Amino acid sequence: MSRPRLTKLASPLYVEIALPLPLRRTFTYRLGEGIRETVQLGARITVPFGNRQLTGFAVEFYDELPSDSELKDSQLKDTIELIDEEPLITEEILRLTQWTSDYYLASWGEVLKASLPAGIDPSAENHVKPKRRKNVTLVEGEDPGRFTAQQKRAIDVLRAHGGEMLFAALQDAGPVGGATINSLEKRRIVRIEVVEVLRDPLVHATIPDIQNLTLSADQQTVLGAIESAIEAGEYKAFLLHGVTGSGKTEVYIRAMKKTLAAGRSAMMLVPEIALTPVFARKLRGVFGTELAILHSNLSPGERFDEWRRIHKGRARVVIGTRSAVFAPLENIGLIVVDEEHDSSYRQHEYPFYHARDVAVIRANMAGAAIVLGSATPAMETYYNASRGKYEYLSMPTRIGKRAMASTEIIDMRDVFKLAGKDVAFSPRLLEAIEETHAKSEQSIILLNRRGFSQFVLCRSCGETLRCKNCDITLTYHKRESRLVCHYCDYRVAVPEICPFCKSEYLYFVGEGTEQIETILNKRFPHLKIARIDRDTMTRRRELEKLLLAFSRREIDMLVGTQMLAKGHDFPNVTLVGVVSVDLGLGLPDLRAAERTFQLLTQVSGRAGRGELPGKVLIQTYYPEHYAIRHAREQDYAGFYAEEIRYRERLGYPPFFSLATILVHHKDQQRAETMAKTIRTLLDAANTDRSIRITGPAPASIARLKGEQRLQILIRATNRRKLREMLD
Ligand code: ADP
Ligand code: ZN
Ligand code: ZN
């Protein structure tokens with residue numbers, strides 16, 4: 001695949017089309033008459049493909065077929081229809097998506113498609129259209145005649161609204177009838193036209209006033225470094241390592257303002273913006289309508305309109321989640337990746353990519369500054385900073401010299417011995433909850449499981465109840481009284497007796513958020529407790545309402561999963577209780593220690609952000625694990641030093657690039673044969689034996705959704721080599 005030629009030929013004969021198919025190649029078509037003269041790079045074009053019609057993207061033009069092409073003109077098909085005269089894909093996005101597809105071995109067409117808001121394709125079922133409404137404008141100085149009371153009211157209301165309103169809004173505000181407004185139109189007192197109204201995700205939000213803070217010395221130093229880079233107008237990457245509550249957000253906002261003042265645009269990526277309505281409002285307060293918001297919890301209409309505001313250059317500041325890295329912002333001067341370590345930047349579905357890495361490349365292409373910010377940088381990022389690839393900036397203390405929360409570890413093995421049974425809450429944590437609320441302060445209780453109980457175990461035969469499609473234990477959901485597979489959503493009623501040995505001793509092991517909420521409600525009936533996890537929070541507005549209510553202190557305690565650990569700034573929270581986070585510390589997962597350390601440090605950062613000191617209590621069965629020890633001390637450097645040695649010894653990133661090939665098939669035999677064939681091909685491509693290949697072996701979830709899964713693990717010291725081999 002050659003680089004796209006970014007200048008348009010006068011009237012090219014041929015076009016290269018990237019189709020949204022899982023194929024690592026593009027296809028050549030002859031440009032139809034009429035299309036040839038107007039088509040531009042990045043435009044969507046419908047083409048015949050087999051016996052189907054597909055919509056792809058024009059990524060290159062030719063006047064004659066390339067000499068190395070095996071195609072002849074007579075073999076080519078004509079394009080069918082040009083969809084965009086004005087392409088939706090800019091040249092920059094064309095190059096960025098090409099890089100992404102090369103680097104992650106994904107289809108260029110798929111990446112291009114993923115860069116656009118869903119529903120923008122006119123042939124799509126969920127096609128979104130611009131929203132149009134009747135609008136009324138007062139035309140002053142005409143028709144001096146008499147008005148009815150109704151007409152007078154309509155005119156007064158219009159005038160009070162600056163002489164222009166939506167028809168429906170005027171009807172409501174009057175209230176006046178539609179007929180009255182129409183009668184005014186006949187007399188040419190008002191003009192009625194159909195206009196497009198933009199769907200605004202913050203339309204009903206209360207926007208806070210801007211605070212004028214005086215920057216701390218650390219903030220000034222850091223901002224100074226970033227501003228110099230913005231002024232220089234060249235690519236420069238920073239790691240901003242600032243403890244929770246050190247005031248990173250204020251630095252981002254000032255740097256973005258500076259960027260706008262320098263005549264360029266700014267982008268900020270956040271893990272899950274839906275979780276921080278408070279923050280989105282603050283930004284709207286600062287940037288007004290220059291701000292566009294992009295995340296997957298917007299309605300399709302809102303997303304479509306926000307995206308088009310960016311595309312038309314009306315919004316020059318974008319804040320968004322993962323896919324916003326492909327937003328069509330022109331002339332970017334600054335990209336901020338907040339909580340850059342966050343796993344939500346990794347897209348787990350095809351086309352795979354990591355938004356943080358794409359952001360770095362985009363900044364590089366655009367000659368922009370990029371700031372990767374975190375209290376717990378990803379191992380890769382810190383490693384890059386330590387080797388001078390990124391400039392290291394640090395803010396080691398909290399704003400106002402506030403103390404970090406004090407952290408205590410509670411050894412649940414002792415608690416078990418004392419209680420003589422498995423309990424969810426240690427007496428120490430219950431006590432702390434009591435004390436906190438006696439002082440009218442708030443608390444956050446974290447654990448990492450949804451549902452009521454982790455799994456069902458038979459005490460007689462020791463079997464656990466598993467999904468019939470997957471190699472996974474089922475989770476008990478009390479409200480619906482069902483066992484649910486969190487992978488394939490298989491649901492069954494809870495059996496009365498063990499299906500294996502018919503005994504009645506079924507035992508529910510481990511607690512989920514739902515059960516924790518129930519226990520807490522029983523124990524603290526006077527507290528207002530709300531639960532936040534993926535089960536309760538499928539609807540954005542409800543989630544926003546809850547978080548806002550919590551920030552207004554109408555709710556005393558939030559119980560939930562790691563969603564609660566991220567970025568929130570609730571000054572009245574003084575207690576964070578971690579019921580359990582032993583997520584995979586016992587499993588062979590390369591990132592388990594890193595994830596646990598990050599989660600604990602992040603959630604600890606939610607306590608004591610205001611005037612009041614914070615306290616963190618962590619219940620665990622692994623008190624001596626280094627991730628937990630260093631999290632208690634809030635000691636990133638200590639954790640990094642230990643973890644990086646371990647990564648180097650085992651040949652993990654950042655020292656090696658990893659790739660996994662997952663082979664899945666309903667039939668075990670077929671899966672094995674395919675996996676073996678792939679292994680043979682890989683070995684053949686690995687001529688100099690510089691790449692380590694292991695497997696095929698059963699994947700960590702060996703059976704999922706009824707399919708057998710095998711994996712081949714590939715490790716290379718050099719990412720380019722790895723890609724070449726996989727290609
Ligand atoms: P971080 O993102 O590093 O966790 P925040 O940016 O949320 O920290 O800042 C923590 C708190 O400190 C917020 O309430 C913020 O409004 C406040 N803050 C930030 N900078 C200043 C400053 N210079 N002076 C006073 N308060 C500040
Ligand atoms: Zn399943
Ligand atoms: Zn049994």
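Note: hydrogens, waters and symmetry copies are ignored here, and every other heavy atom, side chains too, is used. Every number for a ligand or one of its atoms is a count from 1 in the order of the listing. Note that the structure is predicted; figures quoted are calculated from it, not measured.
- For a threshold of 3.5 Å applied to N or O pairs, the pair formed by G247 and ligand 1 contains at least one separation below that value.
- For ligand 1, the atoms closer than 4.0 angstrom to any heavy atom of T249 are 2 (O), 5 (P), 6 (O), 7 (O).
- Near T244, with a cut-off below 4.0 Å to any heavy atom, the atoms of ligand 1 are 4 (O).
- Checked against a 3.5 angstrom limit, the closest N/O atoms of L213 and ligand 1 fall outside it.
- The side chain of Q219, and not its backbone, has at least one atom closer than 4.0 Å to an atom of ligand 1 (non-hydrogen atoms only; side chain from C-beta on).
- Annotation for ligand 1: atoms under 4.0 Å from non-hydrogen atoms of V243 are 3 (O).
- In this structure, the side chain of R316 does not engage the main chain of A266 through any donor-acceptor pair within 3.5 Å.
- Ligand 1 does not have G242 within reach: every non-hydrogen atom of the residue lies 4.0 Å or more from it.
- Ion pairing between a basic and an acidic side chain is recognised when a charged N comes within 4.0 Å of a carboxylate O; K615 and E441 show no such pairing.
- Between L215 and R254, the closest side-chain pair of non-hydrogen atoms falls below 4.5 Å.
- Shown in contact with T214 at under 4.0 Å from a heavy atom are these atoms of ligand 1, numbered in order with element: 22 (C), 23 (N), 24 (N).
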Y636 and H241: CA distance, side-chain angles, deciding distance, ring pair (Phe, Tyr, Trp, His ring centres under 6.0 Å) verdict: CA-CA 10 Å; Y636 180 86; H241 185 189; 4.8 Å; yes
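- Electrostatic pairing of R645 and E648 does not count as a salt bridge here, judged by no charged N lying under 4.0 Å from a carboxylate O.
- The residues E391 and K236 are annotated as salt-bridged, a charged nitrogen and a carboxylate oxygen being separated by less than 4.0 angstrom.
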